[in-house]
Novice: 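Here it is, the structure, as structure tokens.
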Amino acid sequence: MSSTDKTPSTPSSSSESLPERLNFIEQEIEKDLALPRMSGRVVTTRFPPEPNGYLHIGHAKSICLNFGLAQSYSGRCNLRFDDTNPSKEEQEYVDSIQEDVRWLGFEWDELHYASDYFDQLFDWAVQLIEAGKAFVCDLNAEQMREYRGTLTAPGKESPYRNRSVEENLKLFQAMRAGEFENGACTLRAKIDMAAANVNLRDPVLYRVLRAHHHRTGDKWCIYPMYDWAHGQSDSIEGITHSICTLEFEDHRPLYDWFCENLKIYHPRQIEFARLNLSYTVMSKRKLLQLVQDKHVSGWDDPRMPTISGLRRRGYTPESLRNFCERIGVAKFYSTIDVTVLENSVREHLNAIAPRVMAVLHPLKVVLTNYPEGQVEMLDAINNPEDPAAGTRQVPLTRELVIERDDFMEDAPKKFFRLKPGGEVRLRYGYVIKCEQVIKDPATGEVTELHCSYDPATRSGSEEGEQRKVKGVIHWVSATHGIEVPVRLYDRLFLNENPEDAPAGKTFLDNMNPDSLQVLTAKVEPSLETAAGGERVQFERNGYFCVDTVDSQPGKPVFNRIVPLRDSWSKIQSQGKTN
RNA sequence: UGCCCGGUGGUGUAAUGGUAACACUAGUGAUUUUGGUUCACUCAUUCAUGGUUCGAGUCCAUGCCGGGUAGCCA
């Protein structure tokens with residue numbers, strides 16, 4: 001990958017200038033720019049996922065940060081897979097991660113794998129042993145835990161800590177050669193068992209682990225630990241600023257110790273707070289559980305906070321980048337309200353999504369004075385926010401469907417839609433008046449409305465436009481509209497913090513049983529040919545996306561991305577309807 | 001109860017010793033052939049107490065509160 005293949009949609013590529021307000025990382029970088037270690041270098045970052053799951057919106061924050069920093073400073077950003085634990089990692093994840101990063105609109109300068117550095121890492125381990133700073137330890141996991149001490153009490157030194165350099169060298173080679181069982185021994189750094197920072201109490205560098213690695217196959221039976229691999233990988237790639245999340249803060253002294261004792265280029269690690277979203281779980285483990293236990297249809301279920309789920313749901317890369325920009329970067333733990341995410345996508349879709357009429361819960365309307373068999377093609381504006389989007393024609397016929405919610409028999413004062421004897425305008429059409437309400441005699445349910453239309457009120461005509469009524473509703477021809485499956489998604493969890501479960505319960509008990517509602521809607525005939533991934537606004541309703549998996553040519557299936565803001569429901573819930 | 005890191009409106013971020021700003025939410029009003037969009041207005045003495053200073057959200061001290069941390073995970 002070269003830095004010249006940036007995708008055109010790369011954010012803020014138009015101007016590489018920094019925003020007037022710098023976040024704390026930018027401020028630190030700014031200070032570092034003059035440092036000797038930056039001489040001859042450009043700001044270089046990396047996004048370092050472990051390929052053990054799909055990327056989620058939290059990773060998007062990190063991606064936007066790392067790639068964004070590189071763009072702001074005309075620097076470079078690599079994609080590096082942190083694949084040091086073959087027991088959890090798979091090629092499927094490697095592929096999905098690359099797809100997701102690209103879809104978000106970023107292109108890496110270099111693609112790397114920590115596993116590319118296994119030989120170098122091994123040599124460095126030998127170097128450390130030779131310097132008397134690492135040793136092979138035969139303690140098992142349980143013993144090591146005992147020797148480590150506690151948060152308040154110092155640890156004690158391993159009985160194997162003082163083996164000779166020669167013996168350590170021989171044993172380490174034997175580890176590599178496969179002469180030990182899994183877990184039989186480890187290579188540890190010799191630092192300080194009394195250190196207040198537990199990470200410095202002779203941390204493990206290598207463990208014996210017989211597992212097939214997705215890249216190196218069966219070449220290795222020892223694998224480096226994160227701490228031993230990460231900083232050195234950064235160093236090899238010339239990363240100037242290694243941005244990671246807060247939980248690695250305590251590891252920084254170790255990161256620094258390795259670079260110093262190996263006498264290699266020393267990048268600077270800077271930590272930031274990871275993203276938390278209300279009504280959402282973000283840990284890979286929990287997302288994996290949702291998938292494995294079939295609470296969702298897969299990693300790309302449109303309700304998932306994964307990048308692939310959001311993509312399938314219909315979110316745009318622009319809206320996600322915008323969201324990441326909006327939430328900021330800081331060092332303290334915070335939770336972003338999901339509505340911020342929802343507003344980001346509304347904002348973008350409002351600008352670009354073509355409007356279309358669709359009735360989700362149809363109620364039949366007969367225009368009693370409209371000639372049978374007559375079809376009028378009415379001009380409809382595709383996007384009021386974008387005149388260049390032009391117009392289209394929608395067929396008006398005698399029999400229509402309207403939204404059930406747009407009719408009320410006993411309407412409160414502030415209900416501006418159809419009521420018995422009341423008038424309303426059919427969007428882009430005529431003013432109609434409700435003359436008769438037909439009900440199912442058995443259940444009392446309203447099954448049909450008989451209305452008259454006023455031919456003098458047609459939209460587009462001068463005198464027709466003059467007729468103002470309070471309400472305008474959308475509609476679809478009962479005879480010309482087509483039926484399509486529509487999936488209404490709601491948040492996956494009922495609780496703002498899904499982890500917040502009573503004793504004995506888990507986040508799974510907080511799942512929203514109604515997070516998916518499937519119905520059949522009646523939509524404009526023009527939608528028959530909508531292609532997978534296409535996004536539209538169902539007027540007065542919400543933004544929808546043609547599902548890329550379940551749609552067939554001529555048979556689109558719609559996913560609701562996000563509903564429109566709805567001030568009427570707010571008025572209702574506040575009881576201000578009169 | 002060691003070590004590390006944090007505490008600024010309902011939420012999230014700014015203010016780098018000099019008038020607490022921006023965005024979102026919420027509320028009110030205006031516009032509107034989407035109860036959408038857009039526009040206007042309203043909403044904080046910065047965890048607490050001391051100290052330094054002409055002046056402190058910012059510096060210092062103490063306290064309180066929150067988070068991370070004892071994998072051969074990352």
Novice: Describe the nucleic acid contact of A:Tyr147 in one word from base, sugar-phosphate, nothing, applying a heavy-atom distance below 4.0 Å.
Specialist: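 No contact at all - A:Tyr147 keeps every heavy atom at 4.0 Å or more from the nucleic acid.
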Novice: Going by purine N1 to pyrimidine N3 plus the second Watson-Crick contact, or the G-U wobble pair, all under 3.5 Å, which nucleotide sits opposite B:rG71?
Specialist: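 Its partner: none found.
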Novice: Scan A:Glu249 against the nucleic acid and name what it touches under 4.0 Å (heavy atoms): base, sugar-phosphate only, or nothing.
Specialist: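 Result for A:Glu249 = sugar-phosphate.
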Novice: Taking any heavy-atom pair under 4.0 Å as a contact, classify A:Glu50: base, sugar-phosphate, or nothing.
Specialist: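 The residue A:Glu50 makes sugar-phosphate contact but no base contact.
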Novice: For the residue pair A:Tyr226 and A:His251, categorise the inter-ring angle as parallel (less than 30°), tilted (30 to 60°) or perpendicular (more than 60°).
Specialist: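 Perpendicular, since the angle between the ring planes exceeds 60°.
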Novice: Assess whether a salt bridge exists between A:Glu249 and A:Lys331, defined as any Lys/Arg side-chain N lying under 4.0 Å from an Asp/Glu carboxylate O.
Specialist: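 The answer is yes: the pair qualifies as a salt bridge.
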Novice: Would you please classify the geometry between the A:His56 ring and the A:His59 ring as parallel, tilted or perpendicular, with 30° and 60° separating the classes?
Specialist: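 A:His59 and A:His56: tilted rings.
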Novice: Verify the distance criterion only: is there a donor paired with an acceptor across the side chains of A:Arg560 and A:Asn541 at less than 3.5 Å?
Specialist: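 No pair is found: no donor N or O on one side chain lies under 3.5 Å from an acceptor on the other.
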Novice: Taking syn as any angle within 90 degrees of 0 and anti as the rest, which one fits B:rG71?
Specialist: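 Glycosidic conformation of B:rG71: syn.
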Novice: Once you round it to whole Å, what is the distance between P of B:rU69 and OH of A:Tyr333?
Specialist: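 Atom OH in A:Tyr333 sits about 11 Å away from atom P in B:rU69.
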Novice: With a 3.5 angstrom cut-off on both distances, give the Watson-Crick or G-U wobble partner of B:rA48, or none if there isn't one.
Specialist: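 B:rA48 is paired, partner B:rU62.
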Novice: Heavy atoms only, 4.0 Å cut-off, all strands: where does A:Tyr428 land among base, sugar-phosphate and nothing?
Specialist: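 Result for A:Tyr428 = base.
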Novice: When the distance from OH of A:Tyr93 to C1' of B:rA74 is rounded to whole Å, what number comes out?
Specialist: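 To the nearest whole Å, that distance equals 15 Å.
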Novice: Quiz question: going by heavy-atom distance under 3.5 Å, is there a donor-acceptor pair between the base of B:rG35 and the side chain of A:Asp566?
Specialist: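 For A:Asp566, whose side chain was compared with the base of B:rG35, there is no donor-acceptor pair (under 3.5 Å).
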Novice: Just checking A:Lys470: base, sugar-phosphate only, or nothing, at a heavy-atom cut-off of under 4.0 Å?
Specialist: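 Nothing, no heavy atom under 4.0 Å.
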Novice: Please indicate yes or no: is the ring centre of A:Phe416 less than 5.5 Å from the centre of the six-membered base ring of B:rG35, with the two planes inclined by under 30 degrees?
Specialist: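 Yes, aromatic ring over the base.
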Novice: Answer with base, sugar-phosphate or nothing: what part of the nucleic acid does A:Gln574 contact at a heavy-atom distance below 4.0 Å?
Specialist: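 Touches sugar-phosphate only.
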Novice: If you find the nucleotide of RNA chain B closest to A:Leu151 and the one closest to A:Val329, which residue's nucleotide is nearer the 5' end?
Specialist: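 Closer to the 5' end of RNA chain B: A:Leu151.
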Novice: Please work out if A:Ile571 contacts a base, only the sugar-phosphate, or nothing of the nucleic acid, heavy-atom cut-off 4.0 Å.
Specialist: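 Base, at least one base heavy atom under 4.0 Å.
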Novice: B:rU37, B:rC73, B:rA70: which one has an atom nearest the side-chain heavy atoms of A:Asn350?
Specialist: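 Among the listed nucleotides, the one closest to the side chain of A:Asn350 is B:rU37.
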Novice: Are the ring of A:Trp568 and the base ring of B:rG35 both nearer than 5.5 Å at their centres and tilted by less than 30°?
Specialist: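 So A:Trp568 counts as stacking on the base.
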Novice: Side chains of A:Arg268 and A:Ser242: is there a donor and an acceptor less than 3.5 Å apart?
Specialist: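 No.
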Novice: Using heavy atoms to find the nearest nucleotide of RNA chain B for A:Arg417 and A:Lys61 separately, return the residue whose nucleotide is more 5′.
Specialist: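 Of the two residues, A:Lys61 wins.
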Novice: Using purine N1 to pyrimidine N3 plus N6-O4 or O6-N4 for Watson-Crick, or N1-O2 and O6-N3 for G-U wobble, each under 3.5 Å, what pairs with B:rG55?
Specialist: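 B:rG55 is paired with nothing.
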Novice: Could you tell me whether A:Leu139 contacts a base, only the sugar-phosphate backbone, or nothing, with contacts defined as non-hydrogen atoms closer than 4.0 Å?
Specialist: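 A:Leu139: base contact, heavy atoms under 4.0 Å.
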Novice: Name the pairing partner of B:rA40, where a pair is Watson-Crick or G-U wobble with both distances under 3.5 Å, or state none.
Specialist: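 Matched B:rA40 with B:rU28 under the 3.5 Å cut-off.
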Novice: What's A:Ser567 touching, base or sugar-phosphate or nothing? Going by heavy atoms closer than 4.0 Å.
Specialist: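 Sugar-phosphate contact only - A:Ser567 comes under 4.0 Å of backbone atoms but never of a base.
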Novice: The side chain of A:Arg148 is closest to which nucleotide in this list: B:rG27, B:rA74, B:rC72?
Specialist: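 For A:Arg148, the side-chain atoms sit closest to B:rC72.
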Novice: Can you tell me the base-pairing partner of B:rG12? Count Watson-Crick or G-U wobble geometry only, both distances below 3.5 Å, and say none if there is no partner.
Specialist: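 B:rG12 is paired, partner B:rC22.
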Novice: Between atom CZ in A:Arg326 and atom P in B:rA21, what is the gap in whole Å?
Specialist: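 Interatomic distance, CZ of A:Arg326 to P of B:rA21: 21 Å.
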Novice: When all nucleic acid strands are considered with a 4.0 Å heavy-atom cut-off, which category describes A:Asp250: base, sugar-phosphate, or nothing?
Specialist: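 Answer is base: heavy atoms of A:Asp250 come under 4.0 Å of a base.
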Novice: Minimum heavy-atom separation for A:Ala114 and A:Leu121, please, with both atom names.
Specialist: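 Scanning both residues, the minimum pair turns out to be O-CD2, 4.5 Å.
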Novice: Would you mind reading off the distance between A:Asp405 atom CG and B:rG36 atom P, rounded to a whole angstrom?
Specialist: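 Taking CG of A:Asp405 and P of B:rG36, I get 16 Å after rounding.
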Novice: Which is true for A:Lys414 with a 4.0 Å heavy-atom rule: it touches a base, it touches only sugar-phosphate, or it touches nothing?
Specialist: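 Base, at least one base atom sits under 4.0 Å.
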Novice: With the side chain of A:Lys468 defined as its heavy atoms from C-beta on, choose the nearest nucleotide among B:rU33, B:rU13, B:rG71.
Specialist: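 Nearest nucleotide to the side chain: B:rU33.
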Novice: Please measure how far the P atom in B:rA70 lies from the corresponding atom in B:rG51, and state the result in whole Å.
Specialist: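 After rounding to an integer number of Å, I get 41 Å for this pair.
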Novice: How many whole angstroms separate atom CG of A:Asp138 from atom C1' of B:rC72?
Specialist: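 The distance from CG of A:Asp138 to C1' of B:rC72 comes to 13 Å, rounded to the nearest Å.
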Novice: Just checking A:Glu465: base, sugar-phosphate only, or nothing, at a heavy-atom cut-off of under 4.0 Å?
Specialist: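 Base contact.
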Novice: Just checking A:Ala330: base, sugar-phosphate only, or nothing, at a heavy-atom cut-off of under 4.0 Å?
Specialist: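 Answer is sugar-phosphate: A:Ala330 comes under 4.0 Å of backbone atoms only.
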Novice: Are any of the side-chain nitrogens in A:Asp202 or A:Arg148 under 4.0 Å away from the carboxylate oxygens of its partner?
Specialist: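 Answer for the salt bridge query: no.
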Novice: Out of B:rU13, B:rG36, B:rA74, which has the shortest distance to the side chain of A:Arg355?
Specialist: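 Of B:rU13, B:rG36, B:rA74, B:rG36 is nearest to the side chain of A:Arg355.
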Novice: Would you kindly give the CZ-to-C1' distance between A:Arg565 and B:rG35, to the nearest whole Å?
Specialist: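 To the nearest whole Å, that distance equals 13 Å.
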Novice: Rounded to the nearest angstrom, tell me the gap between atom CZ in A:Arg201 and atom C1' in B:rC4.
Specialist: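 It works out to 14 Å between those atoms.
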Novice: Rounding to an integer number of Å, can you tell me how far A:Tyr226 OH sits from B:rA74 C1'?
Specialist: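 My rounded result for the distance is 7 Å.
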Novice: For A:His361 and A:Asp405, which I'm curious about, is there any donor-acceptor pair between the side chains at under 3.5 Å?
Specialist: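 Note: A:His361 and A:Asp405 side chains miss the donor-acceptor criterion.
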Novice: NA contact type, A:Phe248, heavy-atom cut-off 4.0 Å: base, sugar-phosphate, or nothing?
Specialist: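 The residue A:Phe248 makes base contact.
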